[in-house]
Every structure is written in C-alpha cells, then in structure tokens.
Amino acid sequence: ILNVEQSPQSLHVQEGDSTNFTCSFPSSNFYALHWYRWETAKSPEALFVMTLNGDEKKKGRISATLNTKEGYSYLYIKGSQPEDSATYLCAFGYNQGGKLIFGQGTELSVKP
Amino acid sequence: DSGVTQTPKHLITATGQRVTLRCSPRSGDLSVYWYQQSLDQGLQFLIQYYNGEERAKGNILERFSAQQFPDLHSELNLSSLELGDSALYFCASSVVVGEELASTDTQYFGPGTRLTVL
C-alpha cells in the first residue's frame, strides 16, 4: 500500500516566524510530487508540481525542495503571515496516470 | 476561483437513496478526477476520466459510478447511500498535455459538494 506521510500534523507559529514541514513518499515509481494549500471552506489550491530530483520551486515566500532518492519533500514558508494559515497537502504521483495519493496534511496556524 | 464548477454545493439525503453530483471542468481541460474527503481521512482518489473514457480507478465502491460526457462535464452517481458516505466530494480537472504524463499535470479543484446522509 502506497503511503504518503506529512509531519507535523499541526503547527502553531507567530507572525514573522519561518516554518517548514515534511512530506515523505515512496522512493520508487516516482513521477511527481504536488503541494496544495487548502484554506477552510475553500478548495485545495495548487502550489507546486515537482518532478525532478533536486528540484526547488518558489512562489513568493513559499518554497519547496524535492529529494526523490530518499523520498521526501520540504515546504518552507518564510516570515509567516496570518493569511498563510491553512492546511498544506502533498500528493504523490507514482505512475503515468493522473492518480495522486494525498497525505493527511499539515495544519498551519499563524497568530498575529 | 479555479474555473472548475460543482453542483450542488450541499446535499442532504436519507440512507438508501441515490444522488448525482455534477462537475464542469475548466475550459480546455480533458481530464476529470473525483475525490472523497471523509472526516478522519485525507483526500481519497475515486476515479479519473480522460476525454470521456475511464482512465484510473481508486478505492471507489461498487455503489458509486461516474461518467464523462461529450461536453466533458462529469457526473458522480452514489446509490444505496449509507451514513458513512457522508463526506465532501471534490472534482478536479487537468489539461493532460500528454496522457502518459498525467501525474505531472496540475489538478485544479472545484469547490466541492458536501453530502450529508441521515
């Protein structure tokens, strides 16, 4: 059974703190690793799709790295703001089709 | 707004009933995916359609079925509903530039349909 693990489950930080969380996935049959941001009462919003070992992606204050050989990806948020409060999901694409295996998410709460 | 629409937004029904959830993908997207988000579980992949044909199947129950129509909209049919089917059902769509690389395509999620089975 393919398993995608995210840690920590939840995180509470102060405004201005930088934070990071981890997504672990199987290192075999890797095709892609997706990061999504999911705000309460909204739908998941795509952040990054990463496909190559060593990939680094950046969008504003959010960045992500990928290590396919050891099966992990990190998501970093620099200078967290209250509007960054959301659940961050990663999803593993392990074959040619579009099926993604999602992790349980990391719930981030940023206090002003 | 992702450009993916889903109707209805909320649905309350009784056990044993049948419901149909509808999804319209973003303009130009050929692939549609259905996901289920239950209380204690993460997003669970149910099924994928590409240009009208079923492409991938997840842990979709036999009581559930889906189809994608020529205009590319999709419907998810849930029958003989049970209390445990209460969940948020999402539809997502992607372009699928090359069918063989669908895993690398960004999936755009709709707002979801919240199903409550009483």
> Non-hydrogen atoms of chain B under 4.5 Å away: do they reach the side chain of Tyr36(A), the backbone, both or neither?
Replying inline: side chain
> What do you reckon, is CG of Asp71(B) surrounded by more than 12 foreign heavy atoms closer than 6.0 Å?
Replying inline: yes
>> To check you understand the geometry: which heavy-atom pair defines the closest contact between Lys57(B) and Lys99(A), and what is its length?
In response: O-NZ, 3.8 Å
> Is it the backbone or the side chain of Ile101(A) that comes under 4.5 Å from a heavy atom of chain B, or both, or neither?
Replying inline: neither
> If you take all heavy atoms of Tyr35(B) and Leu100(A), which pair is closest and at what distance?
Replying inline: OH-CB, 3.9 Å
> Going from CG on Asp105(B) to NE2 on His34(A), what distance comes out if it is rounded to the nearest 0.5 angstrom?
Replying inline: 7.5 Å
> So, for Ser43(A) and Pro111(B), which heavy atoms are closest and what is the spacing to 0.1 Å?
Replying inline: CB-CA, 4.0 Å
> Honestly curious: do Tyr49(B) and Phe90(B) fall in one hydrophobic cluster under the side-chain, below-4.5 Å linking rule?
Replying inline: no
> Hey, quick one: are Trp34(B) and Ile60(B) part of the same hydrophobic cluster, counting side-chain heavy atoms closer than 4.5 Å, chains of contacts allowed?
Replying inline: yes
>> For Leu88(B), which atoms come within 4.5 Å of any heavy atom of chain A: side chain, backbone, both, or neither?
In response: side chain
>> Run the side-chain contact (heavy atoms from CB on, under 4.5 Å) test on Gln37(B) and Trp38(A) for me, step by step, so that the C-alpha distance in whole Å, both residues' side-chain angles and the decisive distance to 0.1 Å come before the verdict.
In response: CA-CA 12 Å; Gln37(B) 165 85 40; Trp38(A) 190 2; 3.2 Å; yes
> Just wondering, more than 12 heavy atoms not from Arg26(B) lying within 6.0 Å of its CZ?
Replying inline: yes
> Checking Gln44(B) against chain A: side chain, backbone, both or neither under 4.5 Å from a heavy atom?
Replying inline: neither
> Val110(A), Phe21(A): one ILVMFWY side-chain cluster at the under-4.5 Å cut-off?
Replying inline: yes
> What are the two closest heavy atoms between Thr104(B) and Val49(A), and how far apart are they?
Replying inline: O-CG1, 3.3 Å
> Would one find more than 12 heavy atoms of other residues, nucleotides or ligands at under 6.0 Å from atom CD of Glu62(B)?
Replying inline: no
> Who among Pro44(A), Ala41(A), Ala91(A) has the most heavy-atom pairs with chain B under 4.5 Å?
Replying inline: Pro44(A)
> Closest approach of Gln107(B) and Ala46(A), non-hydrogen atoms and distance?
Replying inline: O-CB, 4.4 Å
> Honestly curious: do Leu47(A) and Leu33(A) fall in one hydrophobic cluster under the side-chain, below-4.5 Å linking rule?
Replying inline: yes
>> Looking at Leu83(B), I want to see if its CG is surrounded by more than 12 non-hydrogen atoms of other residues, nucleotides or ligands under 6.0 Å.
In response: yes
> For Glu54(B), does the CD atom have more than 12 heavy-atom neighbours from other residues, nucleotides or ligands under 6.0 Å away?
Replying inline: yes
> At what distance, to the nearest 0.5 angstrom, does CD of Gln104(A) lie from CG of Leu43(B)?
Replying inline: 9.5 Å
